[in-house]
Protein chains: 10
Amino acid sequence: MLFKVEMTVNIPSSLPVAQVEEIKAQEKAYSQQLQREGKWLHIWRVVGQYANVSLFEVKDNQELHDILTGLPLFPYMEITVQALCAHPSSIYFEKS
Amino acid sequence: MLFKVEMTVNIPSSLPVAQVEEIKAQEKAYSQQLQREGKWLHIWRVVGQYANVSLFEVKDNQELHDILTGLPLFPYMEITVQALCAHPSSIYFEKS
Amino acid sequence: MLFKVEMTVNIPSSLPVAQVEEIKAQEKAYSQQLQREGKWLHIWRVVGQYANVSLFEVKDNQELHDILTGLPLFPYMEITVQALCAHPSSIYFEKS
Amino acid sequence: MLFKVEMTVNIPSSLPVAQVEEIKAQEKAYSQQLQREGKWLHIWRVVGQYANVSLFEVKDNQELHDILTGLPLFPYMEITVQALCAHPSSIYFEKS
Amino acid sequence: MLFKVEMTVNIPSSLPVAQVEEIKAQEKAYSQQLQREGKWLHIWRVVGQYANVSLFEVKDNQELHDILTGLPLFPYMEITVQALCAHPSSIYFEKS
Amino acid sequence: MLFKVEMTVNIPSSLPVAQVEEIKAQEKAYSQQLQREGKWLHIWRVVGQYANVSLFEVKDNQELHDILTGLPLFPYMEITVQALCAHPSSIYFEKS
Amino acid sequence: MLFKVEMTVNIPSSLPVAQVEEIKAQEKAYSQQLQREGKWLHIWRVVGQYANVSLFEVKDNQELHDILTGLPLFPYMEITVQALCAHPSSIYFEKS
Amino acid sequence: MLFKVEMTVNIPSSLPVAQVEEIKAQEKAYSQQLQREGKWLHIWRVVGQYANVSLFEVKDNQELHDILTGLPLFPYMEITVQALCAHPSSIYFEKS
Amino acid sequence: MLFKVEMTVNIPSSLPVAQVEEIKAQEKAYSQQLQREGKWLHIWRVVGQYANVSLFEVKDNQELHDILTGLPLFPYMEITVQALCAHPSSIYFEKS
Amino acid sequence: MLFKVEMTVNIPSSLPVAQVEEIKAQEKAYSQQLQREGKWLHIWRVVGQYANVSLFEVKDNQELHDILTGLPLFPYMEITVQALCAHPSSIYFEKS
C-alpha cells in the first residue's frame with residue numbers, strides 16, 4: 001500500500017527555541033526509525049519551503065494514520081495524503 | 001481498507017442517447033455486483049447533482065484503482081479518493 | 001433525511017491540556033449517544049488529519065443544526081454539510 | 001425543510017434556437033407550477049448573470065432532488081444546494 | 001432594491017463572555033427592528049454553521065452599507081453582498 | 001446607485017468573422033449611447049486582456065440587469081457586479 | 001498611467017482605539033491631498049465591507065508604489081493593483 | 001515602466017498544422033523585434049509547460065497593451081500582467 | 001537535480017481509437033527508455049485517476065523540459081513541476 | 001539553472017521595531033552579496049505589496065534551497081519557486 005504524503009511545517013514563534021530543537025530531534029529520530037523499517041520509503045525537501053514530499057509503504061490506511069499522527073511535529077503540520085498504486089509503464093511494474 | 005470516493009458525471013451531449021442508456025445500464029449492473037460482493041459499501045446521490053458519494057472496502061489501493069477505472073462511466077467522471085480509517089469515537093470501533 | 005458532514009478540528013494551543021481532555025471526553029460521549037440513537041450513522045477518521053467524515057440520519061434540517069452546534073468541539077471545528085438522498089443504483093434503494 | 005438553491009444556466013450555442021425557446025417555456029411553466037404549490041418559495045435573478053437564487057420548502061431531500069433533476073434546463077445548469085433552518089433572530093422564528 | 005447578503009460570524013475567543021452576550025443581544029434587537037421596518041426581509045440559519053443567509057430590501061446601496069456596518073457583530077463578520085432583481089419566471093413578477 | 005462591473009469577453013472561434021465585426025460595432029454603439037446618457041460612467045481596458053472595468057450609475061438593480069443583458073456581446077461575456085457607495089474620504093463625498 | 005487599486009482593511013483588535021482613530025484621520029488627510037493633486041482620481045466604498053475600489057493616475061509604477069506604501073493604513077491592508085488603459089469604446093477615448 | 005507578464009499558450013487542435021507553424025514563426029519574429037528594440041527585456045520558458053515568463057520595459061500601460069494584443073498568438077493565450085518597480089535591495093537600484 | 005512531476009492526461013474523445021493506442025504505446029516505450037537511463041526514477045499511478053506522480057533525476061532544468069515536452073502524450077497533459085532536494089532527516093542524506 | 005522566485009513578507013507586529021530593522025539590514029546585505037556573486041540575477045518590487053519577484057542562477061536545486069532558507073527574513077516569508085529554462089524565441093537563446 002503506497003501513499004504520497006506532503007507535509008508543511010508551521011511552528012508558532014511563541015514556542016521556546018529549546019522546545020523546538022527537542023521536537024525536531026525527536027522528529028528526525030522518529031522518521032529515521034520508520035525509514036529503516038522500510039515504511040517511510042522516501043523523504044525529499046521542497047526547495048524554498050519548510051516542507052517535504054514523502055512516500056510511505058504501509059500495510060493499511062490505519063497504519064499510515066497512526067504513523068502520521070505519531071509525528072512529533074504533527075500538531076504543527078498541514079498534511080495531505082494521496083493513494084498510489086502500480087503504473088503499467090513502470091519497468092518495476094508487477095500488479096499486486 | 002476504507003475509502004470515500006466522490007464521483008461527478010459529465011456525459012457529453014454528442015454521445016447518442018441509445019449509447020448513453022446502454023452505458024448507464026452497464027454502470028448499474030457493475031455497481032450492484034460490487035455492492036453484493038461487499039466492496040462498494042454505500043452509494044448515495046448528492047441532492048441536485050449528477051454525482052454520488054460512495055464508500056469502498058477493498059483489500060488495497062490497487063483493487064480500488066481497478067474497480068474505479070473499470071466503471072463504464074469512468075471516461076465521463078471526475079473522481080476524488082480519500083483514505084479513511086477507524087474513528088476512536090465510533091461505537092463500532094475496533095482498531096485493525 | 002441523510003446528510004454527509006465533514007468536520008475538521010483546530011484546537012488553539014492556548015487551551016489548557018486538562019480542559020482539552022475534558023472537552024474530548026464530552027465529545028466522545030455526545031457522539032456515541034447519538035450513534036446509539038441511530039442519528040449519527042457513521043463516523044470515520046480521515047487518514048493523516050484531525051478530521052472526520054460522518055453520515056447523519058435526522059428528521060429535518062433543524063435537528064441536524066441542533067446536533068452539530070451542540071457538539072462540545074463545535075467552537076473549534078470547520079463543518080461542511082451536504083444533503084444526500086437515495087441512489088437508484090443502490091441495492092438498498094427504496095425511494096422515500 | 002428549507003433549502004437555498006443557486007442555479008447558473010449555460011446553454012450550448014449548438015442548441016437550435018427553437019429548441020431553446022421551447023425548453024425555456026417548459027422551464028417557466030414547471031417553475032410556476034411549483035411556486036403555486038408552495039414548494040418553490042422564491043426565485044430571484046442575479047444581476048448581470050443568467051442565474052438565479054431560489055428558496056425551496058420541501059418535505060425531504062429526496063423531493064428536492066426530484067424537483068431539481070426534473071427541471072427542463074437541468075442538463076444545462078450548475079446547481080448548488082445549501083440546507084437552511086430557522087434563525088433565532090427572525091421575528092417569524094418558531095423552532096420546528 | 002433587493003440584495004442577498006451572507007454573513008459568517010467569527011468571535012475571537014479572547015472576547016469576555018459577558019461582552020459577547022451583550023453584543024448578541026444588541027444584534028438581535030437591531031436585526032428585529034430592521035425586520036419590522038420591512039428592510040431585512042428574511043434571515044435563515046445555515047445548517048452546521050454560525051452563519052446566515054439574508055435578504056434585504058433597501059432604497060439604495062448606501063442604505064444597505066449603513067445597515068450592514070451598523071451591525072453590532074460587524075467587526076466579527078465576513079459579509080458578501082449580491083445584487084438581485086425580479087425573475088421573469090416568478091409568479092410575483094412585476095418589473096419595477 | 002453605483003456599481004463596478006468587470007466584463008471578460010470570450011468569442012468562440014467558430015463565429016464567422018463578419019458576424020463578430022457586426023456584433024462589436026453594435027456593442028460600441030450600445031456602450032456609447034449609455035455613456036452619453038450618463039449611465040455608463042467609465043469604461044477602461046484591462047492591460048493584456050480582452051476585458052474591461054466599468055462603472056455604472058443606474059436608478060436600481062433592475063436597470064443595471066437590463067443594461068447588461070442587453071449588451072450585444074452578453075452571450076460571450078463573463079460578468080461580475082459589485083455594489084459601491086460613497087466613501088467618507090472622498091473629496092466629492094456627499095452621503096445620499 | 002491609470003491603475004485600479006482595491007484595498008481591504010484589517011485592523012487588529014489589539015491596536016488601541018485612540019491610535020486607530022489617529023491613523024484613520026491621517027489616512028483621510030493623506031487620501032484627500034492625493035485626490036486634490038489629481039493622482040487619486042476616485043475612491044468608492046464596497047457595500048458591506050471595510051474596503052474600497054480606487055482609481056489612480058500616476059506618472060509611473062514607482063510613483064504608485066510610493067503612494068500605496070505611504071498609506072498610514074498600509075500595514076493593515078491587502079492591496080491588489082491592476083493596470084488599465086484607454087478603451088476604444090469610451091466616448092472620452094484618446095489613445096495616449 | 002517594468003512589468004512581469006506570464007503567457008500560457010493553448011492552441012486548439014482544430015487549427016491546421018501549417019497555420020500553426022506560420023503563426024509561431026510570426027510570433028518569434030514579432031518577439032525578437034521587440035527584444036531588439038529593448039522593450040521585451042527577458043523571455044524564459046516555464047519547465048514542462050507551453051508557457052513563458054517575460055519582462056517588459058515600456059513607456060506606459062497603453063504601449064504594453066498594444067504590444068500584447070498584437071502578439072500573433074494572442075487569441076490563444078492566457079495572459080497575466082503584474083506592475084513592478086525598483087527594489088531598494090537591488091545593487092542596480094536607482095529610484096526613477 | 002531532483003524534481004517531482006505530476007501529469008494528468010485528458011485525451012479528447014474526438015481522437016481515433018487506433019491513434020490513441022499508438023500514442024500510448026509510444027508513451028510507454030519513451031517512459032521505459034528514460035527509466036532505464038536512470039532519469040525517470042519513479043512513476044506511480046494516482047488511484048482513481050488517469051494521472052501519475054513521477055520523480056525525475058536530470059542534469060538541469062533544460063533537460064527536464066526537453067524530456068517532458070517530448071512525451072508523446074504531452075499535448076494532452078496537464079503537468080506540474082516541483083523542485084526537490086535532499087532532506088536532512090533522510091537516512092540516505094548526503095548534501096550535494 | 002534558472003529559477004523565478006516570488007517572496008511575500010509578513011512580519012508579525014509583535015516583533016520589536018529595532019529587531020525588525022536589524023533583520024532588514026541583514027537581509028539587504030545578504031541579498032546584495034548574492035547579487036554581486038551573480039547568483040541573484042534580478043530583484044524587483046511588486047507594486048503596492050511588500051513582495052518581490054526575483055531570478056536566481058544557481059548550480060542546482062540544493063544551492064537554491066540553501067540560499068532561500070538562509071534569508072534573514074525566511075521565517076516571515078511565503079516563497080514560491082518555478083523552474084525556468086531557455087526560450088527558443090529569446091535573442092540570447094543558446095540551449096545549454
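Below, chains carry the letters A, B, ... as their sequence lines are ordered, and counting in each starts from 1.
- Both the backbone and the side chain of H:Lys28 come within contact range of chain J, with heavy atoms under 4.5 Å apart.
- The stretch residues 32-45 of chain H places H:Gln32, H:Gln35, H:Arg36, H:Leu41, H:His42, H:Ile43, H:Trp44, H:Arg45 near chain J, each with some heavy atom under 4.5 Å from a heavy atom of that chain.
- Residues that satisfy the side-chain hydrogen bond (donor to acceptor under 3.5 Å, both in side chains) test with J:Gln19, not counting sequence neighbours, are absent from this structure.
- Proximity to chain J (any heavy atom under 4.5 Å) is shown, for H:Val46, by both the backbone and the side chain.
- Few gaps surround CD on H:Gln26; more than 12 heavy atoms of other groups in view lie less than 6.0 Å from it.
- Remark: H:Thr69 pairs with H:His65, H:Phe74 by the side chain to side chain contact (heavy atoms under 4.5 Å, CB included) rule, at least two apart or across chains.
- Residues passing the side chain to side chain contact (heavy atoms under 4.5 Å, CB included) test with H:Ile11 are H:Val9, H:Leu15, H:Val20, H:Lys24, H:Tyr50, H:Leu73, H:Tyr76, sequence neighbours excluded.
- In terms of heavy-atom pairs under 4.5 angstrom with chain J, the leader among H:Ser31, H:Ala29, H:Gly48, H:Cys85 is H:Cys85.
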